[in-house]
Structures are given as C-alpha cells and as structure tokens.
Amino acid sequence: MVCPNCSSKFALSQALFMCPHCSGLIEIVNRVENFSGELEGRGLWRYARLIPGTYPKIISLGEGGTPLIVSRDYGNLYLKFEGANPTGSFKDRGMSVAVSIAASLGYRGVIAASTGNTAASASAYSARAGLASYVVLPAAGVALGKVAQSIFHGSKVIELDGNFDEVLSQVISVFERASFYPLNSFNPWRLEGQKTLAYEVCEELGSPDYMFVPVGNGGNIYAIWKGFVELREAGVIGHIPRMVGVQASGASPIAHAVQAGLDVPRFVEKPETFASAIRIGKPVNWRRAIKAITHSGGFALAVTDREIRDAQYALARREGIGAEPASAASFAGYSLALSRSLIAPDAKTVCVLTGHALKDPDA
Ligand code: AN7
C-alpha cells in the first residue's frame with residue numbers, strides 16, 4: 001500500500017485507511033496476473049483472486065454481475081445497470097468486500113456517513129454479518145427508499161443537521177475512537193470491490209472508448225479506472241477507456257477543477273441538486289477522481305437538474321430502465337457530450353447507471 005501524497009509505503013493492512021504521516025488517503029497496489037484463468041462463478045467474488053487481502057469470512061448477497069444493456073436509441077452505447085445489485089446500487093460491490101473484512105477482523109460494528117445508498121447497503125450487509133451498524137445521515141434530503149432500507153435492516157440511524165460533507169467529517173473524527181469499521185469510500189478496500197465493474201465490462205465488451213460515471217465523492221470513478229489500469233498492466237487490454245466524470249451543476253467542484261485545470265478544487269459550501277445521492281460539495285476522494293479523469297485522457301461535465309431529469313425520463317421511457325436521478329447524470333453527460341461534439345457518435349461508450357429508480361420515489 002502506498003500514500004500517493006508523501007510516497008510512504010506500507011505492508012498490506014485491511015485496517016489502514018489514512019497515512020499516519022500526512023493523513024493522505026492510502027492506495028492499494030495490486031498486480032493482476034493471468035486475468036481470465038481460474039475465474040469461477042458469477043458476480044463480485046468471481047474475481048476473488050484479483051482482490052487483495054484475506055477473507056476468512058465472506059459476506060455476500062450475490063452483488064455484481066449486473067446487466068450491460070445495449071441502448072435502443074444510440075449505436076455503440078451500453079448501459080451498465082448497477083441498480084440491479086441486491087440493495088439497488090453499486091455500493092454493494094464495495095460493501096461486500098469491506099463488511100467481509102470487518103467480520104473477519106472481529107470489529108464490533110460498522111459506521112458510515114451517507115447520502116443514502118451507502119447507508120442502505122451497509123445496513124443490509126452488516127445485518128447479514130451479524131454486526132452492529134451505525135449510519136449517519138444528513139437530516140434533510142436523503143431519499144425515502146434509502147432511509148427505509150436502513151431502518152428495515154436494523155441499523156441505528158443517526159440524523160445530523162448539516163449537509164453530507166459536515167456529517168462525513170464527524171464520522172471521520174469518531175470511527176477510530178469507537179473501534180467501528182468505517183465503510184465510507186475513503187476506505188480503499190471498498191474501492192477494491194467497486195473496481196470489479198471494470199473487470200465485468202472488459203469480459204463482456206473489451207475496453208470501451210469512454211466510461212461515463214456520476215461523481216459525488218469520487219470513489220467510484222477512481223475504482224473503475226483502477227480496475228482498467230490493472231488490466232492494461234496485465235496486458236489484457238491495450239488501452240484504458242477515457243473516464244468522464246459527470247456532476248450535478250449545483251455540486252460540481254471536480255468538474256469545475258478539471259475544466260479549469262485547478263490542482264485543488266474549489267469546494268462548494270452549499271451543494272444543491274435534486275439528485276440527492278451526489279449532493280456533495282467537498283468530495284473526500286477528489287484527488288483520486290481527478291487522477292482517474294486526467295490520467296485516462298478523459299474530461300468532466302456538469303449537468304443541470306433539468307438535464308438529469310430529461311435523462312432519467314429518457315432512460316425510463318425509451319430504454320425501459322429505472323435509474324435514480326444521480327445515476328441518470330451519466331447518461332445526461334453522454335447526451336451533452338454528443339451535442340457538444342466532445343465524443344464521436346460511434347465511440348464505444350458505457351454509461352454507469354449507479355442506482356435504482358425505486359430508491360427515490362419522490363424525485
Ligand atoms: C446512485 O451513499 O456518497 O463518486 O453516501 O448513491 O463514488 O461518491 C452515494 C454516491 C453516484 C457517487 N450514484 O459515487 C452515499 C454516496 C449514486 C450514489 C454516487 C452515489 P461516488
């Protein structure tokens with residue numbers, strides 16, 4: 001493991017998240033060998049050999065292996081529907097890995113701050129593991145379905161005043177003292193689960209030209225990029241897709257930073273968008289997200305709530321896919337990129353649709 005900030009190196013530890021020297025977020029270095037040999041079964045744990053660490057207890061609900069749906073309207077566009085995961089979002093991939101670690105290492109419980117989907121997923125997986133679970137939500141603006149899932153699976157739901165960014169900073173300050181395993185995406189082990197989306201796309205389609213990913217905290221776009229980087233280093237694919245990060249215009253510090261060429265984003269104090277999952281003004285994984293976008297030769301876009309709404313309806317009515325607003329941001333970004341001629345209409349493209357429409361019945 002390495003700290004990209006101060007270049008410190010560490011032995012593999014499933015309980016190390018931040019650099020003890022500089023507080024940078026630690027990255028896991030993984031070398032893939034013989035990618036297609038010994039892949040067995042379906043879903044996330046098909047790639048068990050390619051996920052570092054040891055897993056005496058595996059907590060799985062059959063996550064991963066989600067449909068890659070060919071678009072009806074656009075040639076060469078594929079929709080990776082993460083809403084088909086057990087709790088209805090991509091979070092289940094990382095949660096299976098991280099809750100397996102918490103169970104294996106004997107933690108008392110788990111804790112996560114969330115805009116909703118992380119909480120829903122953490123709740124289901126910790127129930128399955130028999131671990132106590134604390135989820136901390138901003139009191140206003142979490143989609144109804146996600147709160148319901150968290151309560152239903154037996155988490156202790158703590159609502160705090162303030163937005164997600166303020167809630168997350170409080171969780172970061174307590175998790176070590178309370179000896180709970182942290183399930184936010186600053187935890188690099190969650191991203192090891194999320195990277196398997198790249199493996200699946202690669203097995204089904206090879207390496208696309210572009211991957212459009214909704215960006216909130218920036219963990220997922222980095223994780224998917226990391227999966228492709230590992231495959232290129234192993235010689236499985238010849239090129240890495242250009243990663244395109246899409247944010248809601250009222251919460252778009254990463255899109256702005258990439259467009260303006262800033263080294264450090266200007267964080268947004270009061271993020272605003274009806275896509276509550278990505279209503280995040282101070283993304284904890286901003287360095288990782290910007291790295292994924294710039295190193296892959298990609299770009300970033302901000303889309304308006306109106307564009308997200310139109311994209312959500314187009315997916316529902318033209319493609320038959322129910323995506324929650326934040327998820328539809330990737331498809332809104334694709335439409336915008338086409339209309340601005342940022343990409344060619346025949347470019348092989350995957351839009352990641354991160355969560356299910358049922359999550360947010362009020363939107
Ligand atoms: C549907 O649940 O941050 O850029 O606490 O639920 O990896 O943060 C959710 C994020 C995209 C953004 N789409 O992913 C949480 C949370 C959906 C999401 C994102 C989220 P990241």
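Note that ligands are numbered from 1 as they come in the structure, with each ligand's atoms numbered from 1 the same way. Keep in mind the model is a prediction, meaning the values are calculated, not measured.
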Worksheet item: Which one holds for Lys359 and ligand 1: side chain close, backbone close, both close, or neither close, with close meaning a heavy atom under 4.0 Å?
Response: neither

Practice prompt. Give the residue, atom name and distance (to 0.1 Å) of the protein heavy atom nearest atom 2 (O) of ligand 1.
Written response: Thr118 N, 2.7 Å

Item to complete: Give a yes/no on ligand 1: does Gln194 have at least one heavy atom closer than 4.0 angstrom to it?
Response: no

Response to the item:
In this structure, atom 12 (C) of ligand 1 is nearest to the protein heavy atom Gly216 N, 3.5 Å

Discussion item. Between Asn85 and Glu82 (side chain of the first, backbone of the second, donor and acceptor by atom type, cut-off under 3.5 Å), is there such a pair?
Written reply: yes

Fill in: Backbone of Ile58 reached by a side-chain donor or acceptor of Ser100 within 3.5 Å
no

Item to complete: Could you check if a side-chain atom of Tyr74 sits within less than 4.5 angstrom of a side-chain atom of Leu338, using non-hydrogen atoms only?
Response: yes

Worksheet item: Looking at Phe180 versus Tyr134, is the centre-to-centre ring distance below 6.0 Å?
Response: yes

Practice prompt. Look at ligand 1 and say whether Val213 reaches it with a heavy atom at a distance under 4.0 Å.
Written response: no

Worksheet item: Got a donor-acceptor contact below 3.5 angstrom from the Arg31 side chain to the Glu230 backbone?
Response: no

Fill in: Residue and atom name of the nearest protein heavy atom (relative to atom 7 (O) of ligand 1), distance in Å to one decimal
Asn220 N, 2.8 Å

Worksheet item: Got an N/O contact under 3.5 Å between Ala326 and ligand 1?
Response: no

Worksheet item: Distance from Ile69 atom CD1 to Cys351 atom SG, nearest 0.5 Å?
Response: 12.0 Å

Worksheet entry | Numbering as shown, the atoms of ligand 1 that approach Thr115 to under 4.0 Å (heavy-atom distance) | 2 (O), 3 (O), 5 (O), 9 (C), 15 (C), 16 (C)

Worksheet item: Any idea which atoms of ligand 1 are less than 4.0 Å away from a heavy-atom of Val215?
Response: 4 (O)

Worksheet, complete the sentence: Numbered in order shown, the ligand 1 atoms found under 4.0 Å of a heavy atom of Gly219 are 4 (O), 7 (O), 21 (P)

Worksheet item: Is the closest basic N to carboxylate O distance between Arg279 and Glu272 below 4.0 Å?
Response: no

Worksheet item: Polar-atom distance check: Gly355 versus ligand 1, any N or O pair below 3.5 Å?
Response: no

Worksheet item: Does Tyr222 come within less than 4.0 angstrom of ligand 1, counting non-hydrogen atoms of the residue?
Response: no

Fill in: Atoms of ligand 1, numbered as shown, that sit under 4.0 Å from any heavy atom of Ser114
2 (O), 5 (O), 15 (C)

Fill in: Check: Asn217/Ser185 side-chain N/O donor and acceptor closer than 3.5 Å
no

Worksheet item: Once the angle between the rings of Tyr210 and Phe212 is folded into 0 to 90°, is it parallel (under 30°), tilted (30 to 60°) or perpendicular (over 60°)?
Response: tilted

Discussion item. What protein heavy atom lies closest to atom 20 (C) of ligand 1? Include the residue and the distance to one decimal.
Written reply: Phe90 CE2, 3.8 Å

Worksheet item: Would Ser89 count as a contact of ligand 1 if the rule is a heavy atom under 4.0 Å away?
Response: no

Discussion item. Under 4.0 Å from a heavy atom of Gly218: which atoms of ligand 1 are those, numbered in the order shown and with their elements?
Written reply: 4 (O), 8 (O), 21 (P)

Fill in: Point-to-point distance, once rounded to the nearest 0.5 Å, from NZ of Lys57 to CD1 of Ile101
13.5 Å

Worksheet item: Do Glu324 side-chain atoms and Asp360 backbone N/O form a donor-acceptor pair below 3.5 Å?
Response: no

Practice prompt. Please could you name the atoms of ligand 1 that Ile280 approaches to less than 4.0 Å, counting only its heavy atoms?
Written response: 3 (O)

Worksheet entry | Identity and distance of the protein heavy atom lying nearest atom 17 (C) of ligand 1 | Thr354 OG1, 3.3 Å

Worksheet entry | Per-atom contacts, ligand 1 versus Ile278 - under 4.0 Å to a heavy atom | 11 (C), 12 (C), 19 (C)

